[in-house]
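Notes to accompany the following structure.
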Amino acid sequence: MNNKKTKAKPVDKNVIIKAKDAVIKALDQNGNGTIDIEDIIVLAIKTPGVHITRANFLKKELFKNYPQEVIDKAIETTPAQAGIPSNKIDKIADEIIKFERNCVSGISVALGAPGGWAMAATIPADIVQYYGYTLRATQKLLYLYGFPEIDSDEEGLQLDSQTVNQIILCLGVMNGVAGANNAIKGMAKALAVGVEKKLLNTALTKGTFYPLVKAIAKWFGVKMTKTIFAGFFKKAIPIVGGVVGGGITFFSFKPCCFRLKNVLQDTVLSNPNHKSSAEEDEFVTSIIKGTVIDVDYDEIIPTDEDNDE
């Protein structure tokens, strides 16, 4: 019996580079030659089933336990204002996170197995589907805890820049950016006190929130590129599929969603007894005045070590 071990044949570097270029081409939606979070959001929202209609979602989640008048008020205002207890809202949120996590955890098994060019083709699908489920969970949590409908076209396939930036703030919360927590709470208070939508949109696209949005997006671009290509030049391509699939799905999804839930469950929109912090009030004042808060957000973006689960 021949027990001689056979060394793995090294992967041609040109093949790896071509595979990497193929992944960038597949994911790069804004044509800037890099992979950034805007690309992923645009691709993910186009995935069937990712866009969630607020009214339909709340009807589906509430009809079993609440009369129609309560459901109608929850849709017209917020679930909290409709008198739905916070512990019941939290229970629904937990079930949503569990459901979406179970869905996303199956991606890797199906998409992470092939090697070579086949693996390169699966990476965009893996990443897009992961963030598709992340966007589903984000929308549902926002609606449960009092935020209005995510703006999109009639088919739910196109998002304007302010909506993309709001999602980026939520992803910042999910990934441990402390400044994003206060931003979301400040946005909630602005919505609760009736700040004009035009002012909120300006704050998201070039005002109050924009420096933080840019910092989060920059960090995501670096982290995503490292995650996708971590093994390309160190390991054989067939191994990389498993690394990408296993690392970006099951283990990271639940804690990310719970970070967002923990912030959303204590805002002016979701908690009648919420006491606004000075930071929240500063955000609201800045939105109304059209100013930018002077913070070096690059200093509060988490490191890879901070974000590991």
Side-chain angles (χ1 to χ4, degrees), residues 40-107 128-160 163-164 166-167 169-171 173-174 184 187-188 191-192 197 249-250 252-272 274:
I40 305 303
I41 292 172
V42 169
L43 281 169
I45 202 66
K46 293 178 181 178
T47 304
V50 169
H51 178 257
I52 305 295
T53 302
R54 181 177 179 274
N56 292 343
F57 163 71
L58 291 176
K59 285 178 184 177
K60 181 179 178 181
E61 293 298 330
L62 301 177
F63 87 96
K64 291 181 180 179
N65 300 309
Y66 298 97
Q68 188 61 47
E69 57 268 24
V70 172
I71 297 173
D72 290 341
K73 186 172 181 179
I75 294 171
E76 182 181 351
T77 57
T78 70
Q81 289 186 46
I84 299 174
S86 60
N87 64 319
K88 300 297 183 182
I89 296 173
D90 292 342
K91 183 178 179 181
I92 296 173
D94 290 343
E95 291 171 352
I96 286 167
I97 293 170
K98 181 179 179 181
F99 175 79
E100 301 297 343
R101 187 196 192 200
N102 288 339
C103 291
V104 80
S105 298
I107 293 174
V128 169
Q129 288 192 51
Y130 173 81
Y131 280 100
Y133 286 112
T134 300
L135 289 185
R136 281 173 53 88
T138 298
Q139 292 170 87
K140 291 179 178 181
L141 292 173
L142 286 172
Y143 300 158
L144 273 178
Y145 290 107
F147 276 73
E149 181 90 29
I150 289 286
D151 287 335
S152 66
D153 62 8
E154 292 183 1
E155 291 77 28
L157 301 179
Q158 296 291 334
L159 300 175
D160 52 34
T163 303
V164 170
Q166 181 181 346
I167 292 171
L169 288 177
C170 291
L171 292 174
V173 172
M174 289 174 140
I184 291 296
M187 186 181 300
L191 289 165
K197 186 175 182 180
T249 54
F250 190 80
S252 61
F253 192 86
K254 182 178 178 180
C256 285
C257 289
F258 270 100
R259 287 191 193 105
L260 181 60
K261 174 198 166 187
N262 290 340
V263 171
L264 293 176
Q265 67 185 170
D266 186 26
T267 74
V268 177
L269 293 174
S270 61
N271 179 10
H274 174 75

Exercise. Are any non-hydrogen side-chain atoms of L159 and I150 less than 4.5 angstrom apart?
Worked result: yes
Exercise. Hey, are the side chains of I92 and I84 touching, using non-hydrogen atoms and a 4.5 Å cut-off?
Worked result: no
Exercise. Which value, rounded to the nearest 0.5 Å, describes the distance between L191 atom CG and M187 atom CE?
Worked result: 7.0 Å
Seminar exercise, completed: side-chain contact (heavy atoms from CB on, under 4.5 Å) filter on F258, not counting sequence neighbours, yields D94, I97, K254, K261
Exercise. If you look at every heavy atom in I89 and P79, which pair is closest and at what distance?
Worked result: CD1-CB, 3.8 Å
Problem set entry | Rounded distance (nearest 0.5 Å) linking atom CG of L142 with atom NZ of K140 | 12.5 Å
Seminar exercise, completed: Rounded to the nearest 0.5 Å, the CD1 atom of I96 sits from the CD atom of Q139 at a distance of 11.0 Å
Seminar exercise, completed: For residues 52-68, the side chain to side chain donor-acceptor pair (under 3.5 Å) pairs (sequence neighbours left out) are Q68-D72
Problem set entry | Residue list, side-chain contact (heavy atoms from CB on, under 4.5 Å) with S270, at least two apart or on another chain | Y145, T267
For this session: Please examine the side chains of V50 and Y131, heavy atoms only from C-beta on, and report whether any two atoms are closer than 4.5 Å.
Result: no
Exercise. Given side chains that start at C-beta, do those of I45 and I167 come closer than 4.5 Å, heavy atoms only?
Worked result: no
Problem set entry | Heavy-atom check, side chain of L269 versus side chain of H274, under 4.5 Å | no
For this session: Answer whether the closest heavy-atom distance between the side chains of I184 and L264 falls below 4.5 Å.
Result: yes
Exercise. Which pairs pass salt bridge (Lys or Arg N to Asp or Glu O under 4.0 Å) with one or both residues in residues 128-139, sequence neighbours excluded?
Worked result: E100-R136
Seminar exercise, completed: In terms of heavy-atom contacts, C103 and Y133 come closest through CB-CE2, 3.3 Å
For this session: Mind checking side-chain contact (heavy atoms from CB on, under 4.5 Å) for N262 and listing every partner two or more places apart, or none if nothing turns up?
Result: Q265
For this session: Return the orientation label for the F253 and Y130 ring planes: parallel under 30°, perpendicular over 60°, tilted otherwise.
Result: perpendicular
For this session: Can you measure from CD1 (I52) to CG (L135) and round to the nearest 0.5 angstrom?
Result: 10.0 Å
For this session: Can you sort out the partners of Q81 under side-chain contact (heavy atoms from CB on, under 4.5 Å), two or more places apart, ordered by chain and number?
Result: T77, T78
Exercise. So do the side chains of L141 and F147 get within less than 4.5 Å of each other, counting heavy atoms only?
Worked result: no
Seminar exercise, completed: Between A137 and C257, the two heavy atoms sitting closest are CB-SG, 3.9 Å
Exercise. With a 4.5 Å heavy-atom cut-off, do V70 and L62 have their side chains touching?
Worked result: no
